[in-house]
Amino acid sequence: MSESEAPESAASRCGLVALIGRPNVGKTTLLNRLVGEKLAATTRRPHTTRNRILGIVTEGQDQIVLMDTPGIDTERTQLVNRVLNRTASHALADADLVCFLVEAGQFNPGDERIEATIRDSGRPALLVINKVDQFRAKEELLPFIEARMAAFDYAGVVPLSARTGSNLEGLIAEVRQRLPQGPFLYDPEQLSDRPERFRAEEMIRESMLEHLGQEVPYSVAVRVEDWSDEPRTTHIDAVILVERDSQKGIVIGKGGQRLKRIGQAARIQLEQLLGRKVMLRLTVRVEPDWTCNPRALRELGIEESR
Ligand SMILES: Nc1nc2c(ncn2[C@@H]2O[C@H](COP(=O)(O)OP(=O)(O)OP(=O)(O)O)[C@@H](O)[C@H]2O)c(=O)[nH]1
Ligand SMILES: [Mg+2]
């Protein structure tokens with residue numbers, strides 16, 4: 001910290017905290033919980049998160065800037081996956097502290113590779129053991145923790161449940177202790193670096209993934225094309241992008257029924273987000289092989305900007 005900084009910032013602490021882990025371990029659920037608002041989509045499916053998303057938690061003199069990241073999957077080689085992995089590793093490089101999320105009682109080769117990457121990064125890391133609510137044999141958690149501590153010198157271990165919210169305060173306390181001194185990076189009122197439009201796209205995408213079976217892979221994207229706030233209602237036009245005609249048919253469903261349900265569920269979430277009535281119009285468009293196209297990835301905001 002430079003000596004010219006205002007004295008009132010001298011006591012404050014602020015740090016970048018990366019949420020890193022395999023797909024589907026609950027990183028975004030944890031982010032939304034810690035911030036107290038739904039910032040980004042969470043689903044049962046792996047590869048839900050596509051971008052680095054900041055969530056900001058300010059308590060007293062401390063500001064925690066959480067970086068949610070796409071789940072790291074080193075087995076897939078498709079362009080979109082390479083981009084997602086890169087986004088996660090850049091977040092790791094920028095972090096003051098890493099929260100390495102794993103699922104209680106599970107540690108597979110994917111986790112091992114991520115642990116090795118964290119070790120190589122030289123960043124201090126907390127092992128965050130999520131989903132303890134569904135881990136019945138709680139006494140088995142101890143050997144699990146011991147094995148991890150033997151493998152890597154974690155700064156701390158925090159078992160919690162992002163879904164039920166149990167022991168979130170334990171994580172906050174561990175993180176706060178390790179924040180570097182420095183001025184806040186964001187206004188204390190601010191919760192995210194993402195505009196409402198992004199959050200709206202995430203809610204539509206979440207609704208879509210929840211209403212689709214396994215037949216449409218995660219290669220769907222949502223883009224809000226028009227947004228107008230009128231006195232009583234917000235009108236939102238959004239496009240759902242798929243890669244193939246067959247996928248378009250699946251998203252629309254028989255007689256348009258599925259698309260209608262996707263829209264209804266998303267509208268309810270959007271009305272909660274905006275606190276007003278929403279008219280949502282959804283269209284499905286085919287953009288062939290967008291997950292392999294660097295330009296399309298950039299246009300969708302998936303190729304990161306640092
Ligand atoms: N039982 C239980 N389920 C959880 C918990 N936290 C998250 N989940 C579920 O795990 C699934 C994945 O959650 P996400 O938050 O989308 O996981 P993620 O790590 O962000 O996944 P990617 O974005 O794909 O990397 C969802 O179905 C969540 O509801 C938890 O504490 N307990
Ligand atoms: Mg996620």
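What you see is a predicted model; the values in this text were computed from it and never measured. These numbers come from the heavy atoms of this one structure, side chains and all, not from hydrogens, waters or symmetry mates.
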To the nearest 0.5 Å, what is the distance between CG on Asp193 and CG on Leu185? 11.5 Å
Taking Asn85 for the side chain and Ile72 for the main chain, is one N or O donor matched with an acceptor at less than 3.5 Å? no
Lys/Arg-Asp/Glu bridge criterion (N-O < 4.0 Å) met for Arg52, Asp94: yes
In Asp237, Ile236, Asp226, the residue satisfying side-chain contact (heavy atoms from CB on, under 4.5 Å) with Arg281 is Asp237
Is it the case that the side chain of Arg205 and the backbone of Val220 share a donor-acceptor pair, with hydrogens and angles ignored and the cut-off at 3.5 Å? no
Counting N and O atoms only, with roles assigned by atom type, does the side chain of Thr48 sit under 3.5 Å from a partner on the main chain of Arg44, one being a donor and the other an acceptor? no
More than 12 heavy atoms of other residues, nucleotides or ligands under 6.0 Å from CG of Asp153: is that the case? no
Residue pair Glu103 / Asn24: nearest heavy atoms and the distance that separates them: OE2-O, 3.8 Å
salt_bridge(Arg45, Glu210) N-O dist < 4.0 Å: no
Electrostatic pair Arg223:Glu225 at N-O distance under 4.0 angstrom: yes
Please check this pair: side chain of Arg197 against backbone of Val224, looking for a donor-acceptor N/O pair closer than 3.5 Å. yes
Closest heavy-atom pair, Asp96 versus Pro124, reported as atoms and distance to 0.1 Å, is O-CG, 3.4 Å
Take atom CE of Met149 as the centre, draw a 6.0 Å sphere, and report whether it contains more than 12 heavy atoms from other residues, nucleotides or ligands. yes
Treating Ser161 as the side-chain partner and Lys131 as the backbone partner, does any N or O pair qualify as donor plus acceptor under 3.5 Å? no
Say whether Val65 and Ile53 are linked into one hydrophobic cluster, either directly or through other cluster members, by side-chain heavy-atom distances under 4.5 angstrom. no
Gln272 and Lys38: side-chain contact (heavy atoms from CB on, under 4.5 Å), yes or no, with the steps? CA-CA 10 Å; Gln272 270 175 17; Lys38 193 167 183 71; over 6 Å; no
Going from CZ on Arg267 to CG on Leu280, what distance comes out if it is rounded to the nearest 0.5 angstrom? 8.5 Å
I'd like to know if Glu202 and Arg194 make a salt bridge, using a cut-off of under 4.0 Å between side-chain N and carboxylate O. no
Distance-only polar pair, side chains of Thr42 and Thr28, donor-acceptor under 3.5 Å: no
Test of understanding: clusters of I, L, V, M, F, W, Y form through side-chain heavy atoms closer than 4.5 Å, transitively. Do Val132 and Phe100 belong to the same one? yes
Over all atoms of both residues, closest heavy-atom pair of Ser12 and Pro183: OG-CA, 3.5 Å
Considering non-hydrogen atoms only, spot the tightest contact between Arg123 and Ala95 and give its length. CD-O, 3.1 Å
Can any side-chain N or O of Glu243 pair as donor or acceptor with the backbone N or O of Thr291 at less than 3.5 Å? yes
Give me the atom names and distance for the closest heavy-atom approach of Ala18 to Ala91. CB-O, 4.0 Å
Arg258 vs Leu212 side-chain heavy atoms within contact, under 4.5 Å: yes
Quick one: do Ser192 and Val35 satisfy side-chain contact (heavy atoms from CB on, under 4.5 Å)? Show the steps, please. CA-CA 9 Å; Ser192 177; Val35 171; over 6 Å; no
Separation of Ile64 CD1 from Phe184 CZ (nearest 0.5 Å): 10.0 Å
Could you tell me if the side chain of Leu168 sits less than 4.5 Å from the side chain of Leu160, heavy atoms only? yes
Would you say that more than 12 heavy atoms from the other residues, nucleotides or ligands in this model lie under 6.0 Å from the CD of Glu139, or not? yes
Min side-chain heavy-atom separation Leu171-Leu30 under 4.5 Å: yes
So how far is it from Leu34 CG to Ile56 CD1, rounded to the nearest 0.5 Å? 13.0 Å
Please examine the side chains of Val157 and Arg148, heavy atoms only from C-beta on, and report whether any two atoms are closer than 4.5 Å. no
What residue pairs, at least two apart or across chains, pass ring-ring contact (aromatic ring centres under 6.0 Å, His included) with a residue in residues 120-160? Phe152-Tyr154
Would you say the side-chain atoms of Ser207 pair up with the backbone N or O of Ile204, donor to acceptor, closer than 3.5 Å? no
Indicate yes or no: does Asp289 engage Arg244 in a salt bridge with an N to O separation below 4.0 Å. yes
Walk me through whether Ile250 and Val242 qualify under side-chain contact (heavy atoms from CB on, under 4.5 Å). CA-CA 10 Å; Ile250 292 167; Val242 295; over 6 Å; no
Does this structure show an ion pair linking Arg178 with Glu174, if we count only N-O contacts that are shorter than 4.0 Å? yes
Do Ile118 and Val17 sit in one hydrophobic cluster, given that two such residues count as connected whenever their side-chain heavy atoms are within less than 4.5 Å of each other, even indirectly? no
side-chain contact (heavy atoms from CB on, under 4.5 Å) between His235 and Glu230: does it pass, once the steps are laid out? CA-CA 8 Å; His235 292 258; Glu230 279 160 27; 3.2 Å; yes
Any chain of hydrophobic side-chain contacts (each under 4.5 Å) joining Leu92 to Leu54? no
Backbone N or O of Thr234 within a donor-acceptor pair of the Asp229 side chain at under 3.5 Å? no
Is the shortest side-chain heavy-atom distance between Val57 and Glu59 below 4.5 Å? yes
Quick check: do Asn130 and Thr29 have side-chain heavy atoms less than 4.5 Å from each other? no
Are Lys27 and Asp68 within salt-bridge range, i.e. N to O under 4.0 Å? no
Can you tell me if Arg33 uses its side chain to pair, donor with acceptor, with the backbone of Ala162 under 3.5 Å? yes
Should Thr49 and Thr87 count as side-chain neighbours, where that means a heavy-atom distance under 4.5 Å? no
Measure the spacing between CD of Gln181 and CD of Gln61 and express it to the nearest 0.5 Å. 10.0 Å
Please check if the side chain of Arg276 supplies one atom and the backbone of Pro231 the other of a donor-acceptor pair under 3.5 Å. yes
Would a 4.5 Å heavy-atom cut-off, applied to side chains only, mark Gln134 and Arg163 as touching? no
Honestly curious: do Leu273 and Trp227 fall in one hydrophobic cluster under the side-chain, below-4.5 Å linking rule? yes
I need the Leu259 CG to Leu282 CG distance, nearest 0.5 Å. 5.5 Å
Residue pair Gln63 / Thr58, side-chain donor-acceptor N/O under 3.5 Å: yes
